[in-house]
K.L.:
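Quick one: the structure is below, and I'll ask about it shortly.
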2 protein chains.
Amino acid sequence: MASAKTGRSDPARTLALLWRGKEPAARGPKPGLGVDRIVAAAVELADEEGLAAVSMRKVAERLGVGAMSLYTYVPGKDELLNLMVDAVLAEADRPADFTGTWREGLELHARADRAVALRHPWLVGLSTPGLMLMGPGETARAEFAMRAVSDIGLTPREMADVVNMVDGYVRGVAQISADIGATNRETDVGYEDWWAQATPMLERFIQQSRYPALYGVWAAGAFETPPEEGFEFGLQRVLDGIEAWIDGRTAVPG
Amino acid sequence: MASAKTGRSDPARTLALLWRGKEPAARGPKPGLGVDRIVAAAVELADEEGLAAVSMRKVAERLGVGAMSLYTYVPGKDELLNLMVDAVLAEADRPADFTGTWREGLELHARADRAVALRHPWLVGLSTPGLMLMGPGETARAEFAMRAVSDIGLTPREMADVVNMVDGYVRGVAQISADIGATNRETDVGYEDWWAQATPMLERFIQQSRYPALYGVWAAGAFETPPEEGFEFGLQRVLDGIEAWIDGRTAVPG
DNA sequence: CTAAACTGAGTACGCCGTACGGAGATCGGC
DNA sequence: GCCGATCTCCGTACGGCGTACTCAGTTTAG
């Protein structure tokens, strides 16, 4: 594994960077690069070779430039990772003119996030900036979600809780899927192949006598296909839970 | 940020390591260390200084030993990280003699995971071995959860989906909380302080006119306390969703 | 035209994971 | 009791990393 932290150092600088708040500057030579090109190159690199392959030298090489040139535009690697997260979050299309029920809105929100996570498996390996370092992508996400749960009589805090719950579910499941995907990529075997290969070894340790419930589920083949299909199932259950709560809630005071 | 991948190289070797399947070996000098002591030292280090501080050299130093000595017991850093994950997962106490409803069982399961995640914030930054590389800790977790949803008429696949959904929710929310905790630790300011400090900067970018829904929730102060309190709320909604589905399901064929 | 301001990058430092090989300890077989 | 096999421990070294420092070269304001 490798782990990633995001958002250290000066928050003001990072926020300005996220929102591209920089006047073009006179006096010097014209910039040959730019934050956008650097971030795009880093995202490509991560998509193709994984997060571990993203180093300042490799990103620079991809741009035909010396490693240290990147530091003209980006304070450091942490900030670059932050920018990458916000950039791919902005990819998801959440129609600005969306009108629909809160449930349809949250469904769209959740699926958009999931699509991004599947397209960029390295995303879930990075800590979210969350509300701490909101860039345009993260902000657009949040705005869409909040709009979906507006006008149904929730307090602001309840709105935040509901959205956080859906976000949490999507992130957690995406991370589990991404782990499996990463394992497959690294070992060059598919999920089924890996499973077939690992079964004899697992049999040695996970005996029916010690883990009867797990063994039963396992022996029935419930783990033989990747859990991705369970995403929609879980999403609907999450939304059902919210719906029941909303119904119960509006019924009381109404 | 830093990201972590887990479970590369030889799965058989790693599995054997996770289950400590090693005969004590005659012939050589008595081992001075041991997998358990190495893992414990690494976990301590991660708890105290964060995941980024976990290097082979630092772990070895903490044990009063040369860096390369660790490789006698552990094939590499990836495997050590895997062992750390399984070790802390095993910490959670899930009573073996638990009897209760499926809902009580899943609640206990979810809270146990959350307690571990709060005690070891670095955990969520690591990919889960998941089902790919199950050690004793992960297996005990899964067994408890599966037992909780046994005997309520679910198919094995449905059991797996339900458990995966709860696990996903807990993981996702824990990761969001951990990110905030990490930001606080690194910047040496509390959540409220950070928020107060960042507000003027955010005001510049997140204008009411462009993000009315988000702005409203934000201006109402819904983000001024950490979202940890929302965990129980979301958990209950998740369980409500499952309950509604189970009721609807058993009602039809019954 | 000059000087200020900026871009771009070479060099270097201190970390990291870990391959390699050797020194010393320990024990089975004789 | 001894020897060789086998094990533990670890010093050295290599290639890669993030990035501090420094300086050369370019562009424009005045």
Side-chain angles (χ1 to χ4, degrees), chain A residues 1-10 13-14 22-38 41-42 45-46 49-84 186, chain B residues 1-10 13 22-38 41-42 45-46 49-84 126 186:
Chain A
M1 325 199 177
S3 171
K5 58 190 177 228
T6 246
R8 264 192 329 97
S9 75
D10 186 9
R13 172 88 191 266
T14 306
K22 181 118 162 275
E23 53 280 15
R27 259 332 152 81
K30 290 277 175 282
L33 259 52
V35 177
D36 290 325
R37 282 187 60 204
I38 293 175
L45 191 56
E49 303 182 41
L51 193 58
V54 177
S55 70
M56 298 304 270
R57 287 179 232 257
K58 290 229 196 77
V59 172
E61 188 185 8
R62 192 171 271 251
L63 291 163
V65 120
M68 293 316 290
S69 299
L70 303 184
Y71 288 88
T72 305
Y73 303 92
V74 167
K77 194 188 182 186
D78 285 351
E79 286 78 5
L80 175 56
L81 292 173
N82 251 316
L83 290 166
M84 289 169 65
E186 284 169 11
Chain B
M1 333 196 176
S3 171
K5 57 188 177 226
T6 247
R8 264 193 327 98
S9 76
D10 186 8
R13 172 89 193 263
K22 180 116 162 276
E23 54 280 13
R27 266 324 156 83
K30 290 276 175 285
L33 259 54
V35 177
D36 290 324
R37 284 187 59 205
I38 294 175
L45 192 57
E49 303 182 39
L51 193 57
V54 177
S55 71
M56 299 304 270
R57 285 177 233 257
K58 289 229 197 76
V59 172
E61 187 185 9
R62 190 170 272 251
L63 291 164
V65 119
M68 292 315 291
S69 300
L70 303 184
Y71 288 89
T72 305
Y73 302 92
V74 166
K77 194 188 182 186
D78 285 351
E79 287 78 5
L80 176 56
L81 292 173
N82 251 315
L83 290 166
M84 289 169 65
L126 261 23
E186 284 169 13

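Just so we're on the same page: letters track the sequence lines, and every chain starts at 1.
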K.L.:
Can you name the side chain to side chain donor-acceptor pair (under 3.5 Å) partners of B:Arg37, sequence neighbours left out?
P.N.:
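Partners of B:Arg37 under the side chain to side chain donor-acceptor pair (under 3.5 Å) test: none.
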K.L.:
Would you say a side-chain N or O of B:Lys58 is under 4.0 Å from OP1 or OP2 of C:dC15?
P.N.:
no
K.L.:
At under 4.0 Å between heavy atoms, what does A:Val74 touch on the DNA or RNA strands: base, sugar-phosphate, or nothing?
P.N.:
nothing
K.L.:
Please enumerate all protein N or O atoms sitting under 3.5 Å from an N or O of nucleotides 25-27 of chain D, with distances to 0.1 Å.
P.N.:
unit_1 : atom_1 : unit_2  : atom_2 : d
D:dT27 : O2     : A:Arg27 : O      : 2.4

K.L.:
Can you measure B:Ile38 atom CD1 to D:dC9 atom C1' for me and round it to whole angstrom units?
P.N.:
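Rounding to the nearest Å, CD1 of B:Ile38 and C1' of D:dC9 are 12 Å apart.
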K.L.:
Distance check needed: D:dC14 C1' versus B:Met56 CE, whole Å only.
P.N.:
17 Å
K.L.:
In sequence, state the C-alpha distance, the side-chain angles, and the governing distance for A:Met56 and A:Leu80, and then conclude on side-chain contact (heavy atoms from CB on, under 4.5 Å).
P.N.:
CA-CA 9 Å; A:Met56 298 304 270; A:Leu80 175 56; 4.1 Å; yes
K.L.:
Let me confirm one number: the CE-CG distance from A:Met84 to A:Leu45, rounded to the nearest 0.5 Å.
P.N.:
7.5 Å
K.L.:
Only pairs under 3.5 Å count here: list side-chain donor-acceptor contacts from residues 64-72 of chain B, not counting sequence neighbours, and write none if there are none.
P.N.:
unit_1  : atom_1 : unit_2  : atom_2 : d
B:Ser69 : OG     : B:Gly66 : O      : 3.4
B:Thr72 : OG1    : B:Ser69 : O      : 3.2

K.L.:
Can you tell me the distance, in whole Å, between the CG atom of A:Leu80 and the P atom of D:dC17?
P.N.:
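Rounding to the nearest Å, CG of A:Leu80 and P of D:dC17 are 14 Å apart.
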K.L.:
Expected output is a numbered-order residue list: members of residues 59-71 of chain B with a heavy atom under 4.0 Å from any atom of DNA chain C. What is it?
P.N.:
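Residues of residues 59-71 of chain B that come under 4.0 Å of DNA chain C are, in numerical order, B:Met68, B:Tyr71.
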K.L.:
May I have the distance from A:Lys77 (atom NZ) to D:dT19 (atom P), rounded to whole angstrom?
P.N.:
8 Å
K.L.:
Look at the side chain of A:Arg57 against the base of D:dG18 and say whether a donor-acceptor pair falls under 3.5 Å; ignore hydrogens and angles.
P.N.:
yes
K.L.:
Does B:Thr72 put a side-chain nitrogen or oxygen below 4.0 Å from OP1 or OP2 of D:dC9?
P.N.:
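No, because none of the side-chain N or O atoms of B:Thr72 sits under 4.0 Å from OP1 or OP2 of D:dC9.
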K.L.:
According to the side chain to side chain donor-acceptor pair (under 3.5 Å) rule, which pairs have a member within residues 53-65 of chain A, sequence neighbours left out?
P.N.:
A:Glu44-A:Arg62, A:Glu48-A:Arg62
K.L.:
Rounded to the nearest angstrom, tell me the gap between atom CG in A:Leu33 and atom P in C:dT7.
P.N.:
11 Å
K.L.:
Write down the distance between CG (A:Leu45) and P (D:dG16), rounded to a whole number of angstrom.
P.N.:
15 Å
K.L.:
Do B:Leu81 and B:Leu51 make a side-chain contact, defined as non-hydrogen atoms from C-beta onward lying under 4.5 Å apart?
P.N.:
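SC-SC contact between B:Leu81 and B:Leu51 confirmed.
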